[in-house]
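Note sheet for the following structure.
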There are 2 protein chains.
Amino acid sequence: MKQTARIFAVPPAPVSRLAKISKESTRDKVYAAVRGAILSGRLRCGERVKEIPLAEELGVSRAILREAMQQLVHEGLLEFNPYRGARVIELRPEQIDEIVEARLLLETRAVRLACERIHDAQRDELHALEKQLRKEKDALRAGQLDLRLHQRIWEISGHVTIEKLLRQLTSPLFAMSLLMRSAESRKDQEASPLPRGTHERLVASICEGSPADAAREIETHLTENWTAIRRRVAEFVARQEAEKL
Amino acid sequence: MKQTARIFAVPPAPVSRLAKISKESTRDKVYAAVRGAILSGRLRCGERVKEIPLAEELGVSRAILREAMQQLVHEGLLEFNPYRGARVIELRPEQIDEIVEARLLLETRAVRLACERIHDAQRDELHALEKQLRKEKDALRAGQLDLRLHQRIWEISGHVTIEKLLRQLTSPLFAMSLLMRSAESRKDQEASPLPRGTHERLVASICEGSPADAAREIETHLTENWTAIRRRVAEFVARQEAEKL
DNA sequence: GATTGTAGTATTGTCGACAATTAGACAATG
DNA sequence: CATTGTCTAATTGTCGACAATACTACAATC
């Protein structure tokens, strides 16, 4: 007895505008489900992903799951080794540097564009998101809100290509940040919250349309946030190497 | 009687260094084969890609082919519509603008890094490539050499993340340039060769380690080259729209 | 004549089964 | 005791078959 679709976080039938009739395929749903599992921490970085159990859990065949997994490989969330299975990626500190640098190049452009193209309704939305983020005490949910805020800004920029690239770059970073959060003691977590002030200033700059300010804010925001995480990752792999010996 | 592997451009057993024992899977070979078919013009932009004939031609099952095609979707070379099959993408002029802009952001950084990190052996290689490119009269081969030259520079930059993104951005552009070349009259082709001088200056700047010059060269190179193609694409879609009526 | 309904066919979506490969346990050998 | 060889179980790689859907042509209706 299969229990299909229980896993899928079924979205409330996204008000199909006439242009977008393309019903999403099973593969897309599986892709979203696995991606969500990684990005919510249910599948942790470095963890082996076995096809049979996961396919059964999702109520689909392995073939479909494998197709979805290929997409995740290309998105940088999974690693494949022939006959040895797939693992969720595990970034090394240098890779984090690279990804953050690339993100900076692209996201700077994105926020500048957002400054030019933002509408009033979107201004309200950004402020609401920022306010919600400021009030959120739970670290995990705060991280997810932070991600949503960024994504919203990319969308507002109207630059689809850059948006896709940023989404791709951010996924593995976010997954690693989850691993760090779960790996470290509760005390450390309290000691390093997200730098809230930068969000406020970033949103403000975009809403008043000051590209230079916005660019500066996004730079400090990214740099501060990820140098902290980079340090933790470095400590983490050092500890891991030590255990190996 | 199947004729497996006849299609695969079998590479001469890429001197496996001890670290890289991972024998490439059938899926990777299929991926490379289809990608090659698109990037060599055998599969043209906008063309429908039917699974059964292609799978038979490659001598593999549809399942494998579909996995490979998923990767190509993510790379931006294929488009999927449920139950309607896959097509090779067809870029609109605005998309070309976007991609070129993103490429510019990333490739500028790449050439600057290449200036810092290049070795003597690589200098020789770049010069050799550039010389070969300068002598090449055939437009298609010249385009492929141009691509190789760029890719080599990305590799020299040592920035794996940027390299991957650039590869992704360039694939669809290149495919479209092939379409343009085949769509237009022979006379026009002669009239618009690649701007060779910029390659020479670009390679020179990188080899002598002048980041500012190199960045300027890559910018003019990309801009000149792709505004020309963008114009042709615009004409092409206009002609196409006209035929529809 | 244009539109609508209705086969039939071609193509994609999905699945379960079997083959190939790896990893780990355990015995044999020096 | 360390090393090597062999067997077994678990897992992935590959395939062919069947179901679901979309496209085409043609007939029916107004």
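Below, chain A is the first sequence line, B the second, and so on; all start at residue 1. Quick note: numbers below take in every heavy atom, side chains included, and nothing from hydrogens, waters or symmetry partners.
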Given that A:A63 and A:G85 both sit by DNA chain D, which one's nearest nucleotide is further toward the 5' end?
A:G85

From C-beta outward on B:R84, which listed nucleotide comes closest to its side chain: D:dC23, C:dG13, D:dT14?
D:dC23

Run B:R103 and B:L173 through side chain to side chain contact (heavy atoms under 4.5 Å, CB included) and show every step you take.
CA-CA 10 Å; B:R103 237 188 106 168; B:L173 278 187; 3.8 Å; yes

Mind checking what makes side chain to side chain donor-acceptor pair (under 3.5 Å) contact with B:T161, not counting sequence neighbours?
A:E98

From CD of A:E67 across to P of D:dT14 the rounded distance in Å is 14 Å

Distance, rounded to the nearest Å, where A:R27 contributes CZ and C:dT12 contributes C1':
10 Å

Send over the distance from B:L58 CG to D:dT14 P, rounded to a whole Å.
13 Å

Rounded to whole Å, the CD1-C1' distance (B:I64 to C:dC18) equals 14 Å

Is the closest side-chain heavy-atom distance between B:E163 and B:S157 below 4.5 Å?
no

Axis bend over the full length of the helix from C:dG1-D:dC30 to C:dG30-D:dC1, computed from five pairs that close each end, to 10 degrees:
10°

Which of residues 44-52 of chain B have a heavy atom under 4.0 Å from DNA chain C?
B:R48, B:V49, B:K50, B:E51, B:I52

A:S61 side-chain proximity, nearest of C:dT12, C:dC15, C:dT22
C:dC15

Rounded to whole Å, CG of B:L65 lies from P of D:dT14 at a distance of 12 Å

Please walk me through it: do B:V88 and B:L179 pass side chain to side chain contact (heavy atoms under 4.5 Å, CB included)?
CA-CA 11 Å; B:V88 183; B:L179 180 63; over 6 Å; no

Does A:R141 offer a backbone N or O that forms a donor-acceptor pair with the side chain of A:D138 under 3.5 Å?
yes

